Peer 1: 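To start, I am sharing the structure in question, which I have written as structure tokens.
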Amino acid sequence: MKNTKKIISKILIYFALILGVLFCLVPLYWMIRSSLMNTVEVFMMPPRWIPSKFMWENYQEVFDTLPFGKYFLNSFIVTGGCVVGTMLTSSICAYGLARIKWRGRNVVFACIISSMMLPFAVTLIPTFLMWRTIGITDSFIPLIVPAWFGGGAFYIFLLRQFYLGIPKDFDEAAYLDGASHIQIFTKIILPITKPALAVVGMFAFLNSWNDFLGPLVYLNSEKKYTVALGLQLFTGSYRGEWNLMMAAACLVLAPVVVVFAIGQKYLVEGVTMSGVKG
């Protein structure tokens, strides 16, 4: 009887998991399928699940219709600068908050955490006015530079929790050998925290790569557009070419899939250790 209940429970669990997988994969398949159709087939009713003819030329037409190669380059520049800046500065801030004792440390950390409650829209206008006053809008600087000043409260919190779980014996042993904070940070802490840094890098990549509002606010020249802005052009200036937009969306999604495939082994480990320890 107990074995029967276990078998039934496993069947129900796997059935629920399969439904969840289908729920996530069907929209992805629909996007890929639409990218290989013409505009008429995309909206055909009843829907056609397999294209009558696989139109691979849609992907080439994406680059012929818009300078999508330039958009990809712009996105890689912005995303690369944000990822490097976020990983570097957030790890430094987290080290100072977790491993160094100084007066007012907890107050500063509380202020950093409280900033997470501020919606992006609240600071958008003052930040834009600041960059406009300096005179460097319509450039990548407003999109990259903020990542080099702490990277973000969430990333600092994530790494701080991870650093708190590292035994202080490592620091004390290094102090006895005459190591400085810089040496402890670069030679001891960073090598141990690769999973957490990988998680921070993945999140920073996704946030920057998929960012639409930031480039929309700061970039005016079409030659400086990122892929997120390039996608919306297919529904505006180019007469609603939905099959081309789906092809472009597949191209935009490809780097995200590659990054996740490379860093997925660190994702669960990094998030779990950062949340449990400390």
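Computed over heavy atoms, backbone and side chain alike; hydrogens, waters and symmetry mates excluded. Note that the structure is a prediction, hence the values are computed from the model and not measured.
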Peer 1: What's the separation between atom CZ in F140 and atom NZ in K224, rounded to the nearest 0.5 Å?
Peer 2: 7.0 Å

Peer 1: Could you tell me whether a side-chain N or O of S34 sits under 3.5 Å from a main-chain N or O of M246, the two making a donor and an acceptor?
Peer 2: no

Peer 1: Can you name the closest pair of heavy atoms from R160 and A94 and give their distance?
Peer 2: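 Taking R160 first and A94 second, the nearest heavy atoms are N-CB, 3.5 Å.
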
Peer 1: Using the side chain to side chain contact (heavy atoms under 4.5 Å, CB included) definition, which of the options T123, T127, L129, V122 pairs with I125?
Peer 2: L129

Peer 1: For residues A248 and L231, report the shortest heavy-atom separation together with the two atoms involved.
Peer 2: CB-CD2, 3.5 Å

Peer 1: Check the surroundings of atom CH2 in W56: do more than 12 heavy atoms from other residues, nucleotides or ligands lie under 6.0 Å from it?
Peer 2: no

Peer 1: Just by modelled atom types, is the L158 backbone N or O under 3.5 Å from a matching donor or acceptor in the Q161 side chain?
Peer 2: no

Peer 1: Around atom NZ of K53, are there more than 12 heavy atoms from other residues, nucleotides or ligands closer than 6.0 Å?
Peer 2: no

Peer 1: Treat each ILVMFWY residue as a node, draw an edge where side-chain heavy atoms are under 4.5 Å apart, and state whether I156 and I100 are in one component.
Peer 2: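 They do share one cluster, since a chain of ILVMFWY contacts under 4.5 Å joins I156 to I100.
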
Peer 1: Shortest non-hydrogen contact from R99 to I166?
Peer 2: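 Taking every non-hydrogen atom into account, NH1-O, 2.7 Å.
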
Peer 1: Could you label the plane-to-plane angle of the F203 and F154 rings as parallel, tilted or perpendicular, counting under 30° as parallel and over 60° as perpendicular?
Peer 2: tilted

Peer 1: Flag the pair L159 / L197 as yes when at least one side-chain heavy-atom distance between them is below 4.5 Å, and no otherwise.
Peer 2: yes

Peer 1: Measure the CG-CD1 distance between L36 and I50 for me, rounded to the nearest 0.5 Å.
Peer 2: 11.5 Å

Peer 1: Could you check whether any side-chain heavy atom of L213 comes within less than 4.5 Å of a side-chain heavy atom of L124, counting everything from C-beta outward?
Peer 2: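 Counting from C-beta outward, L213 and L124 do come under 4.5 Å.
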
Peer 1: Taking a hydrophobic cluster as the set of Ile, Leu, Val, Met, Phe, Trp and Tyr residues connected by side-chain heavy atoms closer than 4.5 Å, whether directly or through intermediates, do V252 and I32 fall within one such cluster?
Peer 2: yes

Peer 1: Would you compute the distance between atom CH2 of W131 and atom CG of D138 and round it to the nearest 0.5 angstrom?
Peer 2: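 Separation between the atoms: 14.0 Å.
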
Peer 1: Between F205 and W209, how do the two ring planes meet: parallel, tilted or perpendicular, split at 30° and 60°?
Peer 2: parallel

Peer 1: Would you mind reporting whether L97 and I112 have side-chain heavy atoms less than 4.5 Å apart?
Peer 2: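 Yes. Closest side-chain heavy atoms under 4.5 Å.
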
Peer 1: Test your reading of the model: is there a side-chain donor-acceptor pair from R105 to the backbone of G96, 3.5 Å cut-off?
Peer 2: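 No, the answer is negative, given that no donor and acceptor are paired below the 3.5 Å cut-off.
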
Peer 1: For the OH atom of Y163 and the OH atom of Y95, what is their distance to the nearest 0.5 Å?
Peer 2: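 Between Y163 OH and Y95 OH, I get 9.5 Å after rounding to 0.5 Å.
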
Peer 1: Once you round to the nearest 0.5 Å, how far does CG of N207 lie from CG of N210?
Peer 2: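 N207 atom CG to N210 atom CG measures 7.5 Å (nearest 0.5 Å).
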
Peer 1: Describe, in one word, how the ring planes of H181 and Y175 are oriented to each other, choosing from parallel (under 30°), tilted (30 to 60°) and perpendicular (over 60°).
Peer 2: perpendicular

Peer 1: For residues L25 and V256: do they belong to one hydrophobic cluster (side chain heavy atoms under 4.5 Å, members Ile, Leu, Val, Met, Phe, Trp, Tyr)?
Peer 2: yes

Peer 1: Relative to each other, are the rings of F72 and F63 parallel, tilted or perpendicular (30° and 60° limits)?
Peer 2: parallel

Peer 1: Looking at every non-hydrogen atom in both residues, tell me the closest pair between I184 and A174 and how far apart they are.
Peer 2: CG1-CB, 3.6 Å

Peer 1: Check side chain to side chain donor-acceptor pair (under 3.5 Å) between D169 and all other residues, then give those that pass, not counting sequence neighbours.
Peer 2: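 None.
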
Peer 1: Rounded to the nearest 0.5 Å, how far apart are CD1 of I134 and CD1 of I141?
Peer 2: 9.0 Å

Peer 1: Check for me, please, whether V257 and Y59 land in the same ILVMFWY cluster - side-chain distances under 4.5 Å, paths through other members count.
Peer 2: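 Yes, V257 connects to Y59 through the hydrophobic network.
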
Peer 1: Okay, side chain of S139, backbone of I136: is any donor-acceptor separation there less than 3.5 Å?
Peer 2: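 At least one qualifying donor-acceptor pair exists.
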
Peer 1: Examine distances only and state if a side-chain atom of R132 and a backbone atom of T137 form a donor-acceptor pair shorter than 3.5 Å.
Peer 2: no

Peer 1: So, do L219 and L143 sit near enough that their side-chain heavy atoms are less than 4.5 Å apart?
Peer 2: yes

Peer 1: Please walk me through it: do I113 and M116 pass side chain to side chain contact (heavy atoms under 4.5 Å, CB included)?
Peer 2: CA-CA 6 Å; I113 294 299; M116 296 175 62; 4.1 Å; yes

Peer 1: Does T193 form a side chain to side chain contact (heavy atoms under 4.5 Å, CB included) with S91? I'd like the steps, not just the answer.
Peer 2: CA-CA 9 Å; T193 57; S91 59; over 6 Å; no

Peer 1: Show the nearest heavy-atom pair for residues P119 and M117, with the distance to one decimal.
Peer 2: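 Smallest interatomic distance, heavy atoms only, reads CD-O, 3.3 Å.
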
Peer 1: Among all residues two or more places apart in sequence or in another chain, which pass the salt bridge (Lys or Arg N to Asp or Glu O under 4.0 Å) test with R33?
Peer 2: none

Peer 1: May I ask you to check whether Q232 and Y225 show a side-chain donor-acceptor distance below 3.5 Å?
Peer 2: no

Peer 1: For a 4.5 angstrom cut-off between non-hydrogen side-chain atoms, does W102 reach V108?
Peer 2: yes

Peer 1: Keeping the roles fixed (side chain from Y71, backbone from A228), state whether a donor-acceptor pair exists under 3.5 Å.
Peer 2: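 Checked: no pair found.
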
Peer 1: Any heavy-atom pair between the side chains of L28 and M31 that's under 4.5 Å?
Peer 2: yes

Peer 1: Give me the atom names and distance for the closest heavy-atom approach of W148 to G81.
Peer 2: NE1-O, 3.1 Å

Peer 1: Say whether, by atom type as modelled, one donor and one acceptor occur between the side chain of T65 and the main chain of V62 under 3.5 angstrom.
Peer 2: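 No, T65 side chain to V62 backbone: no donor-acceptor pair under 3.5 Å.
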
Peer 1: Report yes or no: does N58 contribute a side-chain atom to a donor-acceptor pair with the main-chain N or O of N38 at less than 3.5 Å?
Peer 2: no

Peer 1: Please confirm whether the backbone N or O of S35 pairs with a side-chain atom of N243, one donor and one acceptor, at under 3.5 Å?
Peer 2: no

Peer 1: If hydrophobic clusters are built from ILVMFWY residues whose side chains come within less than 4.5 Å, do L22 and Y29 share one?
Peer 2: no

Peer 1: For C82, does its backbone N or O pair with a side-chain atom of T86 as donor and acceptor, under 3.5 Å?
Peer 2: yes

Peer 1: Kindly determine whether V83 and S208 satisfy side chain to side chain contact (heavy atoms under 4.5 Å, CB included), including the steps that lead there.
Peer 2: CA-CA 8 Å; V83 170; S208 180; 5.7 Å; no

Peer 1: Start with the C-alpha gap between V227 and L251, add the side-chain angles, then the distance that decides, and say whether side chain to side chain contact (heavy atoms under 4.5 Å, CB included) holds.
Peer 2: CA-CA 9 Å; V227 291; L251 293 173; over 6 Å; no

